[in-house]
Amino acid sequence: MTLSSRKFQRGVRTGRWLLLLATAGIAGMLGGCGHKTPRRGQTVISFWEPYGGASKTRLQKVIDEFERLHPNIHVAVSYAANNLTSSQKLFLAIAGGVPPDVTVVDGQQATEWAARGALDNITRQVRQAGISGRDFWTPRWKESVFAGRVYALPWGADPNFALAWNKKLFRQAGLNPNDPPRTMAQLDRDIRRLTVIGPRGRIIRMGLIPWEFGSANSLFTWAYAFGGNFYDPPRGNRLIGRVTINNPRNIEALRWMARYAKRYGISRVAAFQSNFIGVAANPFYTGQVAMTLLYIEQDPLIRRYAPTLDYGVSFIPAGPHGHYPTGWLGGWSLAIPKGSKVTPAAFEFIRWMCASPAGSLAYGKDMAMFPAYRKSPYYKTIRNNKHLMVFYRIVAQSTHARSLMPVQGYLMELLHRAGQQVFYNHRSARRELDKINRLVKERLAEVVRRARNRLERRR
Amino acid sequence: MKHFRPTSSFHRWPVGVAFCLPLIAGLAMFTAFPVGMSLYYSLCSYPIFSPPRLIGLRNYQELAGDPRFWLSVWNTFYYAMVAVPLGMATGLLLALLLNLKVKGLAFYRTLFFLPTVVPLVASCVLWNQILNPQQGLINEFLRFLGLPAAWLPGWLTSVAWSKPALILMSLWGCGGGMVLYLAALQDVPQELYEAAALDGARAWHRLRHVALPMISPVLLFTLIMGLIGAVQIFAQAFIMTNGGPADSTLFYSLKLFNTAFTEYRLGYASAMAWVMFVLILLATLGVMKLSNKFVYYHS
């Protein structure tokens with residue numbers, strides 16, 4: 001079949017119009033997505049963040065405040081998922097040479113990303129701005145430094161964790177509702193008395209689920225409570241510290257968790273946990289778990305979803321070799337990815353967000369989180385809030401972050417696996433942590449060797 | 001009316017190529033080039049943020065001695081070997097039932113096909129609830145049948161039951177195969193059944209010696225596509241179990257993804273991808289070779 005040339009040309013013209021219309025339509029749709037467009041003369045900085053839902057709306061309020069105070073800068077915000085071990089979109093953007101100007105990085109990732117060459121060195125800019133480690137809560141600052149160089153500024157400081165207990169259930173179990181456990185022995189006693197197993201072995205209520213936040217985060221928490229440690233960071237400009245994952249206190253903590261996995265049946269507890277989907281169905285809010293490790297964002301959530309819940313907030317108990325009160329700090333930081341120029345506008349954005357009274361106040365108020373900037377005026381606004389003051393004491397007294405190892409993602413993955421092997425397959429806690437110690441040492445040596453080569457080449 | 005009439009094939013081919021160019025360029029850029037580069041990266045140490053460095057076959061040697069790699073191969077093999085035949089058998093059984101000229105055929109066909117168009121993430125959320133050991137539909141049903149509590153499967157919370165749970169979930173999507181089998185069954189000439197019946201063949205014989213040989217090309221197609229899909233299983237494990245409990249659902253693709261984006265080892269992950277490609281190729285060639293014995297092309 002042949003095609004008439006006129007028809008063909010008409011078809012081409014029609015196609016061209018359709019293409020134009022479709023392009024205009026798509027552009028219109030994108031334009032209508034709620035993104036503000038920069039005004040003429042404004043410097044645009046691209047900013048990638050991992051928030052969604054209500055947190056994203058709250059973050060936008062903080063950014064609006066920045067833009068109001070910096071009329072010459074426009075912040076173009078994009079979403080990039082970060083599950084604390086990986087950020088696929090960002091990694092590919094950096095590898096492809098098209099990273100954003102500023103990115104959010106989890107505190108524990110900062111040293112690793114810095115060691116692997118994914119972040120720009122901002123030491124000079126930090127010094128020029130008069131910012132120093134004393135401005136931030138110490139564990140958060142340490143997470144931002146690698147080989148004596150600054151690669152990120154700490155933004156938030158998450159006090160992990162407080163202990164929340166249900167006073168009504170304490171009363172029902174014959175425990176003093178105003179006396180939360182302070183030692184591991186008291187905690188063991190309370191868990192036993194608060195746990196209720198129904199007919200046919202069905203779990204009705206758990207006193208506490210020791211691995212509630214996954215094996216890795218829970219092991220960090222309990223290991224520090226038992227007086228353990230995972231890494232002695234290097235001093236000065238040295239790159240490698242001492243790996244202490246098989247510290248006897250860490251083994252003790254893992255064994256303690258495994259005892260509960262065995263006593264109540266790990267699969268039964270997992271089945272019990274899988275009943276609760278979504279924020280509102282948290283088993284602590286519904287009285288199906290009597291004690292929980294509380295993170296700071298949860299306190300307002302309890303008021304919202306369980307306004308009648310009679311509960312108290314205190315510190316998590318400590319083992320005989322641990323400190324009371326205890327805890328560790330998490331939180332996001334802001335950094336400039338490799339391949340982006342450290343422009344004055346990008347650094348000013350980071351500085352204002354992380355190390356200014358106004359920025360840290362906006363972060364605390366709008367995001368309902370603690371700023372890493374210790375001099376933040378936000379902390380004056382919470383003095384009358386009893387629960388937040390518990391969190392404040394954790395922040396002020398914590399000496400730990402998860403660990404300062406530049407192979408943190410790998411360590412988290414290995415700890416998660418070790419927990420599963422110990423809980424499900426009854427493997428020896430000592431043997432599992434010995435194995436992780438060896439694997440992490442090997443990986444650390446490799447990462448640090450590459451980092452050293454890169455730093456020497458730059459010199 | 002003047003017609004566009006090319007005078008020779010020589011004049012015609014640039015036009016043809018020009019029309020194909022977007023597709024050729026797309027294939028070259030987004031398929032051929034990445035495939036070629038992944039082969040090169042599989043011979044490199046490539047920690048994402050630093051340039052790749054050639055290390056020869058060391059990634060492949062390391063794979064051979066990596067116990068978690070072999071565990072992921074075993075988990076994937078177990079899943080594929082059970083899920084694919086079971087899915088095909090279920091799809092075929094449904095097709096045979098619908099081929100009995102039942103009333104409301106279109107309704108049932110749509111009903112059984114519907115799960116295949118449900119987005120995977122939605123299916124995972126739904127099945128998480130169905131498989132819940134305490135209050136999920138399946139265990140409630142088993143409890144109703146009088147099964148003692150100790151015998152109830154832990155499904156995704158148990159090392160022994162996690163893979164069977166995902167296999168059970170995969171059966172939900174057997175409607176895709178069912179539609180193909182039904183179409184093939186309806187294509188079988190009626191006179192073949194009648195001739196077999198005249199020779200004294202009963203229902204089972206008519207199925208075994210008439211229907212199955214006649215639809216065997218479709219069975220081969222679904223077997224190969226099913227195998228390829230099963231070996232690449234990822235989303236269910238990523239969303240529902242993250243490889244757990246205790247690595248019991250650590251499938252090949254999940255291990256590959258974690259190697260690339262959690263351990264920052266793109267070279268090693270590329271080597272895994274090529275091993276997977278070779279395994280799928282060998283499995284497909286094996287099935288094709290065997291197909292000479294059980295596939296009948298009546299045309």
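In what follows, chains are A, B, ... by sequence order, proteins preceding strands, each numbered from 1. A quick note: this is a predicted structure, and the numbers were derived from the prediction, not measured.
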Kindly determine whether Tyr424(A) and Asp247(B) satisfy side-chain contact (heavy atoms from CB on, under 4.5 Å), including the steps that lead there. CA-CA 10 Å; Tyr424(A) 280 94; Asp247(B) 283 347; over 6 Å; no
What do the steps show when you test Tyr264(B) against Tyr410(A) for ring-ring contact (aromatic ring centres under 6.0 Å, His included), and what is the final call? CA-CA 9 Å; Tyr264(B) 307 85; Tyr410(A) 184 53; 9.7 Å; no
Show your working on side-chain hydrogen bond (donor to acceptor under 3.5 Å, both in side chains) between Arg450(A) and Ser45(B) and close with a plain yes or no. CA-CA 12 Å; Arg450(A) 282 175 194 276; Ser45(B) 163; 2.6 Å; yes
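In this structure, the side chain of Ser267(A) engages the main chain of Thr157(B) through a donor-acceptor pair within 3.5 Å. Of the possible donor and acceptor atoms, one in the side chain of Asn132(B) sits under 3.5 Å from a partner among the backbone N and O of Ser274(A). The main-chain N or O of Gln134(B) is found under 3.5 Å from a side-chain atom of Arg202(A) such that the two form a donor-acceptor pair.
Here Arg116(A) is the residue among Glu413(A), Gln273(A), Arg116(A), Glu112(A) with the most heavy-atom pairs under 4.5 Å with chain B. With chain A as the partner, the residue from Ser50(B), Pro245(B), Ser248(B) showing the most heavy-atom pairs under 4.5 Å is Pro245(B). The choice from Pro133(B), Ala149(B), Gly154(B), Ala246(B) that makes the most heavy-atom pairs within less than 4.5 Å of chain A is Ala246(B).
The shortest non-hydrogen separation linking Gln420(A) to Gly244(B) is OE1-CA, 3.7 Å. Residue Tyr46(B) comes nearest to Ala95(A) through the heavy atom pair OH-CB, 4.3 Å, listed as atom of the first residue, atom of the second, then distance.
With a 4.5 angstrom heavy-atom cutoff, Asn139(B) does not touch chain A via any of its atoms.
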